[in-house]
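Remarks on the structure that follows.
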2 protein chains.
Amino acid sequence: MTSPEGYDKYAFEPFAVTVDLAVLTLRAGTLQVLLVERGQEPYAGRWALPGGFVLPDESAEEAAWRELAEETGVTDASGLHLEQLRTYSEPGRDPRMRVVTVAFAALLPDPPVPHGGGDAAQAQWLRFDAIGPLAFDHDRILADAHERVGAKLEYTCLATAFCPPEFTLGELQQVYETVWGTPLDRPNFRRKVLATPGFVEQVPGAARLTGGRGKPAALYRAGGATALHPPLLRPTTEGRPR
Amino acid sequence: MTSPEGYDKYAFEPFAVTVDLAVLTLRAGTLQVLLVERGQEPYAGRWALPGGFVLPDESAEEAAWRELAEETGVTDASGLHLEQLRTYSEPGRDPRMRVVTVAFAALLPDPPVPHGGGDAAQAQWLRFDAIGPLAFDHDRILADAHERVGAKLEYTCLATAFCPPEFTLGELQQVYETVWGTPLDRPNFRRKVLATPGFVEQVPGAARLTGGRGKPAALYRAGGATALHPPLLRPTTEGRPR
DNA sequence: TGACTAATAGTCATCCCGACTATAAATGCG
DNA sequence: CGCATTTATAGTCGGGATGACTATTAGTCA
């Protein structure tokens with residue numbers, strides 16, 4: 001055992017600790033990811049998740065918020081959802097040195113700040129389904145983030161984190177359909193959402209919105225609930241793995 | 001931004017990286033946790049989760065398996081469940097130095113190896129509900145582990161990880177009741193478990209087991225399924241937080 | 001004005017689940 | 001020996017959630 005009991009300061013190998021962010025949003029009906037292009041080896045020219053070192057006086061969570069702000073330009077942490085995913089620590093994941101990374105998943109509503117707050121490599125939004133191999137083990141991190149978000153849509157009210165402050169039920173449904181990659185029945189979705197107390201609440205001013213064709217939809221905002229009981233399960237793919 | 005782009009080896013602060021284990025089991029109908037008593041400051045005399053440094057050539061997962069083996073004496077990783085919980089990185093969590101810990105939750109079937117494989121501080125099983133304040137932030141880690149395990153019982157077949165290779169449905173139900181702290185209706189539990197394909201399969205040899213009174217129960221072993229559809233939800237505590 | 005589109009309302013059968021009652025098979029005490 | 005006790009297993013019943021549909025309303029666009 002490498003005991004943490006009475007360790008002296010040099011009984012261990014120091015590691016570099018970083019955070020990596022899987023920032024997801026919905027744009028034009030597609031799931032998109034914030035990526036930066038690497039300028040140097042290794043993986044020069046490849047896309048990578050934004051991230052950076054954890055500073056000596058901050059936690060991984062603080063580092064993640066800081067990176068998110070720097071990368072997207074968002075300043076109000078208000079509505080945003082940022083959640084720790086897991087930690088990746090395989091010895092060979094960065095060929096240069098031993099780097100342990102704490103990965104986070106972040107969700108933004110549609111028109112997020114144009115990205116690039118004035119930093120090194122410009123961050124860009126890329127379609128989730130058209131992403132080549134990423135640098136390092138970022139493919140796996142991104143896949144884990146997608147799986148996690150998809151799962152949390154089932155039993156939490158997380159979907160509203162993808163929506164602007166006021167949204168229609170159609171937009172909310174699009175979140176589910178896009179993340180899960182499955183069409184949902186509209187009346188049933190509506191019934192389910194409205195039957196869950198605290199999921200959404202209607203904007204009182206009889207407000208409505210219509211960008212295109214069709215009957216104008218009522219506007220809703222996120223309610224106070226965070227959990228979903230009973231859950232809103234994905235269309236059963238029969239023995240879906242976990 | 002603290003860019004990982006072209007970092008040189010000393011552009012960052014090195015951290016110590018450890019693993020901490022929340023090892024849970026069911027003994028005598030109670031949830032128990034494997035703890036070690038600290039012999040030195042800080043928190044001398046307090047109980048703490050077992051753990052240790054991640055070695056230079058291993059991942060956090062490998063370190064966790066190694067520690068688990070050292071602490072409990074288990075050698076066959078076969079049926080065991082070990083799962084990464086999350087990473088705790090608050091700057092002040094260890095007063096001596098900057099330590100980032102990757103926490104794991106482990107589940108063992110009832111009579112786990114007597115603990116103490118021949119190591120420093122003897123590890124001991126303590127009742128989950130009779131645990132005073134632990135060292136460091138281990139109270140929080142343990143609470144997170146408990147919450148995670150409770151949640152995963154709902155939508156995975158994880159419960160069998162607490163059971164020996166062959167078990168009765170009554171024992172399986174005890175797992176749920178003990179972890180959740182709620183009594184369940186026996187016929188309904190039975191119906192639900194048996195209706196889920198791949199959750200359990202009956203041991204063919206008409207085997208039976210009876211330690212005490214009552215009608216002997218049929219024996220089952222874990223099936224191949226890992227997910228539970230639809231889930232087996234906890235008795236609704238109305239707006240249970242997440 | 002008349003397609004077309006999207007939102008909303010409502011129906012209906014099925015399945016799941018909580019609450020219960022009933023029966024079977026063992027132990028152990030008087 | 002017989003009966004109370006204990007635990008496992010079987011089955012019933014009603015309500016609620018859900019999937020699959022149909023119908024109606026309220027807009028836009030040509």
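Just so it is clear: chains get the letters A, B, ... in the order the sequence lines come, proteins before strands, and each one is counted from 1.
Residue Pro187(A) has its side chain nearest to dG10(C) when only dC17(C), dT9(D), dG10(C) are considered. The listed nucleotides are dC21(D), dC20(C), dT11(C); the one nearest the side chain of Arg191(A) is dT11(C). Relative to the side chain of Lys215(B), the nucleotides dC21(D), dA25(C), dA6(C) differ in distance, and dA25(C) lies closest. In the set dT18(D), dG10(C), dG18(C), the nucleotide with an atom closest to the side chain of Asn188(B) is dG18(C). The side chain of Arg213(A) lies closest to dT28(D) when the candidates are dT28(D), dG11(D), dA9(C).
Atom CZ in Phe167(B) sits roughly 14 Å away from atom P in dA8(D) (whole-Å rounding). Distance, His229(B) NE2 to dC16(C) P: 14 Å, rounded to whole Å. When rounded to the nearest whole Å, the span between CG of Leu184(A) and C1' of dC21(D) equals 16 Å. Lys192(B) places its NZ atom 19 Å from the P atom of dT9(D), with the value rounded to the nearest Å. When the C1' atom of dA6(C) is taken as reference, atom CD of Gln174(A) falls 12 Å away, rounded to whole Å. Rounded to an integer number of Å, the gap from CZ of Phe199(B) to C1' of dC16(C) is 17 Å. Distance CG (Leu194(A)) to P (dT8(C)): 9 Å, rounded to an integer number of Å. dT9(D) atom P lies 14 Å from atom CG of Asp185(B), rounded to whole Å.
Contact annotation for Arg186(A): base contact, defined as any heavy-atom pair under 4.0 Å involving a base atom.
Nearest heavy atom pair, residue Leu49(B) against residue Leu21(B), reads CB-O, 3.5 Å. Of all heavy-atom pairs between Ala161(A) and His81(A), the closest is CB-CB, 3.9 Å.
A ring-centre distance under 6.0 Å is found for Phe189(A) and Tyr176(A).
Ser59(B) places a side-chain N or O within donor-acceptor distance of the main-chain N or O of Glu62(B), the cut-off being under 3.5 Å.
Rounding to the nearest 0.5 Å gives a distance of 7.5 Å between OG1 of Thr160(B) and CG of Leu172(B).
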